[in-house]
Each structure stands twice: as structure tokens, then as C-alpha cells.
Amino acid sequence: MENKYPQKPGLDFILKQAFFYWNKTLVFQLMFSIMYFGIMMTILFFCDAKYGILTGYLETAKYAKEGVQVYTAELQKLLSTENFQNFSLWMMGTNIFLYPLNLGFYQIYRKMDLGEKIELGDLFVGYNGLNFFRYIGYYIFWYFIFAYSIQTIILGVVWVSITMFVAPMMFFMNKSILESLSLNFKALRMYFLEILVCIMVAVLFKYIGFALFFIGGLFTFPFWNAMIYSLYKVIFSEKN
């Protein structure tokens with residue numbers, strides 16, 4: 001790992017670069033979101049028809065007027081049912097399967113840097129060959145730790161911070177998960193402020209489209225990938 005520029009780039013450079021990549025690929029951002037949410041919603045409604053979980057939530061919500069304790073008790077009953085466990089497994093599996101779509105943006109941004117033509121197929125590069133199983137395996141590992149750590153919020157942010165460059169390093173450098181984690185941790189120590197601020201900006205911008213314009217969220221939802229790539233370019237060198 002080494003700085004690729006004569007002087008340490010400032011936050012303004014990293015942020016402008018991230019927004020540049022995002023702005024130049026709005027069509028791909030939209031297509032990503034349509035495919036992501038289209039598949040997710042299809043599985044959601046399929047599982048609801050099979051397990052009746054959404055109906056169960058609506059029924060449970062009626063107990064809210066009877067107090068927090070009553071509502072919490074009824075909600076726990078729903079969450080402990082076999083139907084809910086099966087529903088959760090379906091949704092978790094769908095989320096894991098969709099993860100490699102994110103790798104497509106790294107391919108797209110790299111081709112932009114090289115002046116190469118971007119194609120729709122670039123978005124699916126994460127599903128090519130045996131590497132698909134590498135990314136899926138990594139995300140399963142990442143997801144289970146995140147699911148527990150995010151309950152404390154702070155540990156969730158820490159986990160995201162020390163793993164945010166693992167996927168691009170696996171993709172561009174062919175590093176193992178352990179090698180990537182080690183380099184990611186070193187980067188976090190050297191660029192702590194830049195990484196922290198970029199995470200905050202990326203998360204805020206990622207969901208602000210849904211909060212303000214709703215449909216605008218289809219364009220902002222994949223913004224996280226542009227921020228990761230912008231940071232990755234600044235922090236890491238791929239030279240042997």
C-alpha cells in the first residue's frame with residue numbers, strides 16, 4: 001500500500017472524484033437499483049404469499065395501542081415462528097446472491113479510467129466464473145458479523161470501516177480475505193478521518209434520494225460503490 005499522489009489528497013478531491021464516477025454512470029445506477037429491488041421485491045412477495053409474514057406484521061401492529069410491552073410480546077411471538085425463520089432465510093439468501101452486482105461498478109469505474117467502452121455486461125462481472133463463489137463466500141462471512149455488530153451501531157460502523165476495501169482488493173489485486181483485511185486495517189489507521197467522513201457522506205447520500213424524492217433513491221442507492229472506489233484509488237497502489 002502506498003500513496004499514489006505526491007501529496008496526501010484532501011477530502012474534497014476524494015468526494016469530487018466519487019461524485020464524478022457516480023454522475024457519469026447514472027444509467028447504470030438506475031439499472032442496478034431496478035434489478036436489485038425488482039428481484040428483492042419479487043422474493044419478498046413470493047415469501048409473503050407462502051409464509052404470510054407481512055400480514056403477521058400488520059396484525060401485530062394492532063397491539064401497539066395496548067402498550068409497548070404487549071406489542072413487544074406479540075412481536076416476539078411472530079419472530080419466533082418457523083414461518084418467520086424461513087422468510088428470513090429467503091431474504092438473507094437473496095441479499096447474498098445480489099451482492100456481486102456491486103463488483104460490476106468497480107469494473108465500470110476502472111474502464112472509465114482506462115478510456116474503455118462501458119457495456120451493460122460489465123455490471124454482471126461479479127457473477128463470472130469461480131470468482132462468483134469467492135465474493136459470495138466473503139459476503140456471507142461479512143454479513144453474519146455485520147448482523148450482530150450493527151446491533152450496537154458503533155461496532156457495525158467499525159466493521160464496515162475495516163472491511164470496505166476487501167472486495168476491491170479481491171477484485172483488482174486478487175488478494176485473499178485475510179490479506180485484504182490486514183491492508184484495510186493499515187489504511188484505516190493512515191486515513192481514519194477521510195474514511196470516516198466518506199462513510200458518513202456515502203450513507204447519507206445513499207438514502208437521501210428515498211427520503212426526499214423516493215424514486216431518486218434508485219439513482220443514489222448504489223453511490224456507496226463510487227465512494228469506495230474513489231478512496232481505493234487514492235489509498236492503494238496495485239503495483240507489485
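FYI, the numbering just counts along the sequence from 1.
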Is the number of heavy atoms from other residues, nucleotides or ligands under 6.0 Å of [X] [atom1] greater than 12?
X	atom1	value
M200	CE	no
L58	CG	yes
K50	NZ	no

N/O donor-acceptor pair under 3.5 Å between [X] side chain and [Y] backbone:
X	Y	answer
W22	M227	no
T152	S149	yes
N86	N83	no
T94	W90	yes
D48	L54	yes
N23	F20	no
T81	F84	yes
Q17	S230	yes
Q85	L79	yes

Mind checking whether [X] and [Y] have parallel, tilted or perpendicular rings, split at 30° and 60°?
X	Y	value
F171	Y135	tilted
F172	Y232	parallel
F141	W159	perpendicular

In Å and rounded to the nearest 0.5 Å, what is the [atom1] to [atom2] distance from [X] to [Y]?
X	Y	atom1	atom2	value
K175	F165	NZ	CZ	15.0 Å
I96	I140	CD1	CD1	4.5 Å
N95	S88	CG	OG	12.0 Å
S80	L75	OG	CG	9.5 Å
T25	M31	OG1	CE	12.0 Å
E119	F124	CD	CZ	12.5 Å

(request) Verify whether one side chain among Y106 and D122 offers a donor that lies under 3.5 Å from an acceptor in the other. (result)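 No, because no side-chain N or O of Y106 sits under 3.5 Å from a partner of the opposite role on D122.
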(message) Any donor-acceptor pair under 3.5 Å linking the side-chain atoms of D113 with those of Y229?
(response)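 Per modelled atom types, Y229 and D113 side chains form a pair under 3.5 Å.
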(request) Given side-chain contact (heavy atoms from CB on, under 4.5 Å), test I199 with S161 step by step and report yes or no. (result) CA-CA 8 Å; I199 287 176; S161 301; 3.3 Å; yes
(message) Using the rule given for side-chain contact (heavy atoms from CB on, under 4.5 Å), can you reason through F144 versus M92, listing the C-alpha separation, both sets of side-chain angles and the distance that settles it, and then say yes or no?
(response) CA-CA 10 Å; F144 278 103; M92 180 177 65; 3.9 Å; yes
(request) Any chance you could lay out the ring pair (Phe, Tyr, Trp, His ring centres under 6.0 Å) test for F19 and F205, step after step, and finish with the verdict? (result) CA-CA 10 Å; F19 278 101; F205 189 74; 5.1 Å; yes
Closest heavy-atom pair and its distance - [X], [Y]:
X	Y	value
G126	P100	O-CB, 3.6 Å
F97	I136	CA-CD1, 4.0 Å
N184	M164	OD1-N, 3.1 Å
L231	C198	CD1-CB, 3.6 Å
W142	V160	CZ2-CG2, 4.1 Å
R134	M170	NH1-O, 3.7 Å

(message) I'd like to know whether I235 forms a side-chain contact (heavy atoms from CB on, under 4.5 Å) with I195, so could you lay out the CA-CA distance, the side-chain angles of the two residues, the decisive distance to 0.1 Å, and finally the verdict.
(response) CA-CA 10 Å; I235 297 173; I195 291 174; 4.2 Å; yes
Among the clusters formed by ILVMFWY side chains lying less than 4.5 Å apart, do [X] and [Y] turn up in the same one?
X	Y	result
V157	V197	no
I150	Y207	yes
I34	M40	yes
L193	L15	yes
V27	F37	yes

(message) Out of the candidates F32, W224, F223, only one should pair with F105 under the ring pair (Phe, Tyr, Trp, His ring centres under 6.0 Å) rule; please name it.
(response)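 Between F105 and the candidates, ring pair (Phe, Tyr, Trp, His ring centres under 6.0 Å) is satisfied uniquely by F32.
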(request) Compute the ring centroids of Y51 and F87, then answer whether they are less than 6.0 Å apart. (result)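 No.
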(request) Quick one: do K24 and Y109 satisfy side-chain contact (heavy atoms from CB on, under 4.5 Å)? Show the steps, please. (result) CA-CA 9 Å; K24 292 295 183 179; Y109 300 144; over 6 Å; no
